[in-house]
2 protein chains.
Amino acid sequence: MAEKHQLTLKDIARELGLAVSTVSRALKSHPDISDETIKLVKDYAKEHHYVPNLLAVNFRKSKTFNIGLVIPELVHQFFSTIISGVLQEANDKGYNVLICQSNEKLSDEKKVAQALLNSRVDGVIISLSNETEDYSHLKEFLDAEIPVVQVDKIIEGFDTPKVVVNDYSGAYQAVDYLIGQGYQKVAHLRGRLIVQHSNERHRGYAEAMEQHKLPIKEDYIRICDLQTEKEGYTYAREMMNLPEPPDAIFCVTDLVALGVMEYLREKNIKVPEEVGVIGFSNWQLGEIIRPTLSTVHQPGFELGVKATELLLDKINNGSSSPNIKVVLDADLIIRDSVRKL
Amino acid sequence: MAEKHQLTLKDIARELGLAVSTVSRALKSHPDISDETIKLVKDYAKEHHYVPNLLAVNFRKSKTFNIGLVIPELVHQFFSTIISGVLQEANDKGYNVLICQSNEKLSDEKKVAQALLNSRVDGVIISLSNETEDYSHLKEFLDAEIPVVQVDKIIEGFDTPKVVVNDYSGAYQAVDYLIGQGYQKVAHLRGRLIVQHSNERHRGYAEAMEQHKLPIKEDYIRICDLQTEKEGYTYAREMMNLPEPPDAIFCVTDLVALGVMEYLREKNIKVPEEVGVIGFSNWQLGEIIRPTLSTVHQPGFELGVKATELLLDKINNGSSSPNIKVVLDADLIIRDSVRKL
DNA sequence: CAATTCTCCGCAACCGATTGTGCAATCAGT
DNA sequence: ACTGATTGCACAATCGGTTGCGGAGAATTG
């Protein structure tokens with residue numbers, strides 16, 4: 001079984017009494033080669049299971065058919081969903097994916113970027129770490145004419161194609177829905193001020209409130225630095241102890257929402273009757289807890305697919321393809337944590 | 001910035017008036033080359049940022065420095081943790097990882113296996129799909145002298161290094177602990193009969209019971225085909241309605257345990273006072289639900305690291321390294337779903 | 001029948017690094 | 001000073017495809 005020596009063009013040429021170049025062209029159905037010869041070669045190749053040596057082909061063409069994917073964390077629902085999308089589209093088009101984690105650290109991001117550069121990937125898809133504020137380490141890719149596509153966590157000023165989720169509209173939908181269900185005093189546990197996602201979600205919240213002519217009270221807004229369950233719990237307590245507590249809480253993240261629900265259950269405050277809760281991200285846990293958690297679904301898979309499409313387009317069509325920004329919509333998922341009229 | 005033409009050995013040789021071979025050897029500090037020349041070349045290389053063309057090197061050496069990783073699902077806590085371990089160890093040793101999903105389908109597994117073969121990876125780590133019962137499609141790797149390491153979901157008969165978790169001891173510890181805390185009537189919601197994990201966990205359960213001279217009643221054992229929350233819920237109801245209901249339930253999976261807890265809460269049966277519950281896998285959700293879920297932790301990360309170590313050893317030392325089987329211990333994690341004495 | 005055009009295929013360079021072999025110059029030994 | 005060993009480097013083949021160019025022979029044309 002074990003072929004000592006992988007079959008090469010040379011072998012076929014010798015066996016068939018042809019030149020190596022003829023065999024090469026025949027396998028590609030080159031017009032210069034007669035149909036008979038093409039058939040002869042192809043049949044022989046098939047019969048003897050010829051597979052071109054990818055290393056040689058890649059070397060010659062200066063292509064690896066590998067694309068790099070840099071993400072903050074691998075063990076993470078959202079990101080692994082993105083990866084899944086990238087994988088599908090890339091494999092479908094004959095590309096392999098080299099995955100690297102930045103662990104949300106700039107230093108690691110730089111390190112893997114170098115590694116990818118050395119690996120001579122044909123292109124890179126990157127979701128920036130939280131620490132990343134400039135893109136000097138990524139410019140090297142463009143200098144080396146390796147296309148880059150940014151996904152989800154991006155830097156606007158870095159001129160590459162981008163794929164992001166519409167946080168604003170997701171948040172707007174959520175709050176708009178809450179109000180539509182009769183909630184009036186909607187609070188928002190938001191994320192950090194310097195994170196774009198957080199700001200966009202806050203903007204969605206604010207504009208929905210405004211649209212319905214509801215006041216935005218300072219007391220109803222808290223910043224979750226870490227976006228943990230604990231923060232949700234703590235801020236829920238603070239808010240519910242206000243003279244005029246909110247009757248709905250829109251959270252920047254499902255985990256925060258979980259903390260909120262935790263507190264409410266402890267205090268025997270009924271969800272959704274007394275207080276409505278909506279999270280963001282559509283984590284698995286939302287379907288598992290009781291009451292099930294309403295949330296905003298971010299299309300991670302589609303994000304990955306789209307980013308890959310853009311990248312492959314760049315790779316194959318070069319500078320002729322413009323650096324567009326694709327914004328995918330987030331979907332509101334209604335479950336039991338909000339009243340149904 | 002953009003170097004039109006990447007610097008090559010030839011360029012350096014021309015510039016320095018040396019032969020290409022001398023430059024090549026100098027960069028590797030070959031003993032045949034004088035220290036002066038070595039310094040000269042290395043300095044020049046450093047100054048002009050010479051990086052060897054990986055494609056050429058790989059082609060020459062017939063190595064890709066890529067390893068393939070085939071797993072059933074990417075969006076999955078346990079598997080993504082394994083990936084994380086593989087990634088860390090591989091990157092650390094200068095290897096890239098090509099990740100492929102089998103989606104738990106044999107057909108997909110065959111497809112990606114072919115793709116990896118064509119990509120000429122240096123080795124493969126695989127966790128088999130649920131549908132995989134023979135390994136004919138994997139033998140091709142060995143025929144092509146590409147080392148394979150099996151991880152977690154394995155076929156014993158397929159002669160490769162293997163890395164698995166000790167399901168038996170994990171289960172034994174769990175049940176032993178339950179009994180130690182005073183539970184006597186321990187039930188087990190197990191997985192399918194043809195799945196090795198399930199059988200091992202069941203064996204751990206059975207032996208722990210036996211060890212403590214407790215009877216194993218048929219009524220206390222149910223098979224969860226899908227290992228869903230719903231099954232947990234259903235079987236918990238069945239069991240709690242027995243004339244003599246169990247006072248503890250050991251579940252094949254956290255998700256099943258969740259369904260059990262769900263039912264118990266509905267019926268107002270106190271956990272852990274009246275019934276103790278332990279799951280398996282240590283999913284995130286276990287820390288999130290109330291009471292928090294005791295479980296058995298499978299060291300996914302270490303699994304990935306170890307598998308990669310074995311693979312790289314195979315790759316670099318060939319057949320001189322034997323096909324050992326590494327069994328990693330699972331740790332019992334005690335949380336609030338069992339009584340604490 | 002000679003001139004021209006087509007068909008079909010072989011020759012050889014090439015991509016960039018690696019490596020076996022050979023040769024000139026230096027050095028030690030008697 | 002002559003032989004033999006050692007040092008330091010260059011030459012050239014090689015890995016397996018790809019591709020520009022050129023040429024022999026058949027077919028077409030005037």
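Chain naming here is simple, since letters A, B, ... match the order of the sequence lines and numbering starts at 1 in each.
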B:Thr22 vs A:Lys10, nearer the 5' end of DNA chain D by closest nucleotide: B:Thr22
B:Glu104 side chain to B:Ser129 side chain, donor-acceptor N/O pair below 3.5 angstrom: no
Whole-Å distance separating the NE2 atom of B:His30 from the P atom of D:dT7: 13 Å
Side chains of A:Thr64 and A:Asp122, donor plus acceptor under 3.5 Å: yes
A:Arg25 (side chain) and D:dG20 (base): donor-acceptor pair under 3.5 Å: yes
Side chain B:Asp32 and base D:dC9 donor-acceptor under 3.5 Å: yes
Geometric cation-pi criterion, A:Lys63 with A:Phe65: 6.0 Å, 45°: yes
A:Lys28 side-chain N/O to D:dG17 phosphate OP1/OP2 under 4.0 Å: no
Sugar-phosphate, base or nothing in reach of B:Leu55, heavy atoms under 4.0 Å: nothing
Any donor-acceptor N or O pair under 3.5 Å, side chains A:Gln101, B:Gln88: no
Selected nucleotide, minimal atom distance to A:Thr8 side chain, candidates D:dG8, D:dG17, D:dA10: D:dG17
Listed nucleotide nearest any side-chain atom of A:Ser21, set D:dG17, C:dA12, C:dG16: C:dA12
Donor/acceptor link under 3.5 angstrom from A:Thr37 side chain onto base of C:dC9: no
